[in-house]
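The structure appears below as C-alpha cells.
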Amino acid sequence: MTTDQYGFDTLAIHAGQDPDPRTGAVVPPIYQTSTYAQDAVGAPRLGYEYSRSGNPTRDALQECLAAIEGGRRGLAFASGLAAEDTLLRTICRPGDHVVIPNDAYGGTYRLFAKVAERWGLDWTAAPLDDPDAVRAAFRPGHTRLIWAETPTNPLLNIADIPALAALAHEYDALLAVDNTFASPYLQQPLALGADVVIHSTTKYLGGHSDVVGGALVVADPGLGDELGFHQNAMGAVNGPFDAWLTLRGIKTLGVRMDRHCDNAERIVGFLSEHKKVSSVLYPGLDTHPGHETAAKQMRRFGGMVSFRAAGGAEQAIEICNRAKLFVLAESLGGVESLIEHPGQMTHLSAAGSALEVPADLVRLSVGIETVDDLLADLEQALG
Ligand SMILES: *Cc1c(COP(=O)(O)O)cnc(C)c1O
C-alpha cells in the first residue's frame, strides 16, 4: 500500500498486511519456518532463503513499523537492546564517542557502560534538556551519535528533538531517538529531524505484555541497507510468532494510547492533590520544565507517570507493595497498569552512577482499565 495517503490508524492496521494472495487470509500468516524451498540453485522463491535473513511475517511487521513512524525502512529485533546493539555497531567504530542522556533507560546505560565501553566506544552522559551541556559534551570528529530518549524513563524529562537534530548535524553526527515511551502515535521523531528511531516494541507497540521485541526505523535508504546488513550479520532477529504478536498489538495502538493518556491525566490530577505525594512528574503538567517542548512535538503526553513520595524511600516502597490492581512489575506500556520502584528495580544497574534515580520515586505505567478502579487502588496504596 502507498503510505502517504492514509492516516495513522489505517497504516497501523493495513501497512505491510495486504490479504495473503494465495489464500485470501486477512491476517498475515505466521511463517514458522527456518528455511525455504528453492526453485533452482541460486533461485530462491520471492527472495526468501533463510529466516535469519528474511521471513514474510517479520517483513510484514517491518513494513508496518516503517509506515507508522513515517520512515522508509523498518527493522525488527529480538529485543529493544538487540536493536540498540545493532545500531551502535552499525554506526560506531572503536574510538568513536556517543552522547547519551544522563537519565537514560537503565539497560541502555548498562549497554554503554558495561559492554560497548570494553570494545573501545566512549560515551558521555549529559542532560539532554540542556542544549549547552550537550554541545559541551560533544567531541568534534569523534562524536558519531546523540542518543536521545524523550520522554525519559523514569524521570520523564523532555529533549527538544529538532534542536538536537540540528546540533548533531552541525557536527556530521546522527541523532537517534528512543521513542518507546511516546510511541509513534504520540511522537514521530523522523519528521522532527531525527535520523534513527529506536523502540522496545515490548512496551506500547506490542501493548499486551506478552512479547519482547525491538525495532529501528530510518528515513535514509542507505542507512537502512547498512542496518539491514548488520541485522542479518549479527542475527539478533525476532521469531515469526513474536513478529506476529507485535503486529497484532500495533493495530490498536492509537485507541490504546488515547485511553492510556485519558487515564494518566486523571491519575496525575489525583496525585497532584495528594498530601503524601511531594511532586508529580508528567510532561502534560504546565509546571513540568519540558512542558512547552513536549506540547510542540507530542500529540498528547502519554501513559507514564512518576511521582515522589513525601515520606521518602521507605514510603515509596510501601506504596508499591500495597498496590493491588496496579501490578508490582518491571516493564510498561501494556493494557494492564503496573507500579514499580525504579531505584530498586528497573534502574538498579545505575545505582552509584551519575544516572542513579531518586530513592523516593515511584513509576506508574497507567493501563487502560476503568480509571475509577485505578484511582481507588492508588488511594488505598497511599494509605
Ligand atoms: C524497555 C526499554 C528498552 C529496552 O528494551 P527491551 O525490549 O527490554 O530490550 C529500551 N528503552 C526504553 C525506553 C525501554 O523502556
Side-chain angles (χ1 to χ4, degrees), residues 61 65 69 74-89 98 100-116 123 125 128 145-159 161 176-184 186-187 189 194 196-217 231 234-239 242-243 245-246 249-250 257 260 281 283 298 301-306 329-334 338-342 345-350 355 357 361 363-367:
L61 170 61
L65 287 165
E69 277 291 1
L75 299 127
F77 295 88
S79 69
L81 279 166
E84 295 186 16
D85 183 35
T86 304
L87 173 64
L88 273 186
R89 287 200 268 166
V98 181
I100 68 170
N102 69 348
D103 58 347
Y105 168 70
T108 299
Y109 168 72
R110 184 175 53 202
L111 177 65
F112 278 95
K114 304 276 165 67
V115 181
W123 55 276
L128 294 196
L145 197 59
I146 299 179
W147 187 287
E149 221 185 286
T150 184
T152 57
N153 177 5
L155 295 174
L156 298 155
N157 287 321
I158 301 295
I161 296 173
V177 176
D178 184 333
N179 202 28
T180 299
F181 263 41
S183 90
L186 299 181
Q187 173 174 279
V196 184
V197 173
I198 305 156
H199 277 288
S200 169
T201 59
T202 314
K203 316 294 169 55
Y204 286 107
L205 292 177
H208 297 75
S209 305
D210 55 10
V211 59
V212 171
L216 300 173
V217 183
Q231 179 194 40
M234 293 169 63
V237 292
N238 54 354
D242 286 4
L245 278 172
T246 306
I250 288 173
M257 288 316 294
H260 283 296
L281 285 61
M298 298 178 78
F301 304 100
M304 297 301 297
V305 178
S306 293
E330 302 196 355
S331 197
L332 60 108
L338 306 179
I339 189 166
E340 69 125 357
H341 184 264
M345 294 171 65
T346 47
H347 289 63
L348 192 58
S349 63
L355 284 83
V357 295
L361 193 72
R363 188 189 79 179
L364 304 177
S365 173
V366 178

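For ligands, and for the atoms within them, numbers begin at 1 and follow the listed sequence.
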Nearest-neighbour protein heavy atom for [atom], which is reported as residue plus atom name and distance:
atom                    : answer
atom 2 (C) of ligand 1  : Lys203 NZ, 2.5 Å
atom 3 (C) of ligand 1  : Tyr105 CE2, 3.3 Å
atom 6 (P) of ligand 1  : Gly80 N, 3.3 Å
atom 13 (C) of ligand 1 : Asp178 OD2, 3.4 Å

| request: Classify the side-chain pair Thr108/Glu149 by whether it contains a donor and acceptor separated by less than 3.5 Å. | output: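 No, Glu149 and Thr108 have no side-chain donor paired with an acceptor closer than 3.5 Å.
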Which ligand 1 atoms are under 4.0 Å away from a heavy-atom of [X]?
X      : result
Thr202 : 7 (O)
Gly213 : 7 (O)
Ser200 : 1 (C), 2 (C), 3 (C), 4 (C), 5 (O), 6 (P), 7 (O)
Asn153 : 15 (O)
Glu84  : 10 (C), 11 (N)

Is there a donor-acceptor pair closer than 3.5 Å between any side-chain N or O of [X] and the backbone N or O of [Y]?
X      : Y      : answer
Thr180 : His199 : no
Ser306 : Pro154 : yes
Ser365 : Leu338 : no

Review point. Which atoms form the tightest heavy-atom contact between Leu61 and Ala76, and what is the distance?
Key: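 Leu61 and Ala76 have their closest heavy atoms at CD2-CB, 3.8 Å.
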Ala83: heavy atom below 4.0 Å from ligand 1, yes or no?
no
Checking Leu145, Leu88, Ile100 against Trp123 for side chain to side chain contact (heavy atoms under 4.5 Å, CB included), the one that qualifies is Ile100
Tested for side chain to side chain contact (heavy atoms under 4.5 Å, CB included) against Ile198, the lone hit among Val177, Leu87, Leu81 is Leu87
Note to self: For a 4.5 angstrom cut-off between non-hydrogen side-chain atoms, does Arg363 reach Met345?
What the structure shows: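 No. Closest side-chain heavy atoms not under 4.5 Å.
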- [ ] Please say whether Phe181 places an N or O atom under 3.5 Å from an N or O atom belonging to ligand 1.
- [x]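 No, no N or O pair falls under 3.5 Å.
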With heavy atoms only and a cut-off of under 4.0 Å, state how Leu81 meets ligand 1: side chain, backbone, both or neither.
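Both parts.
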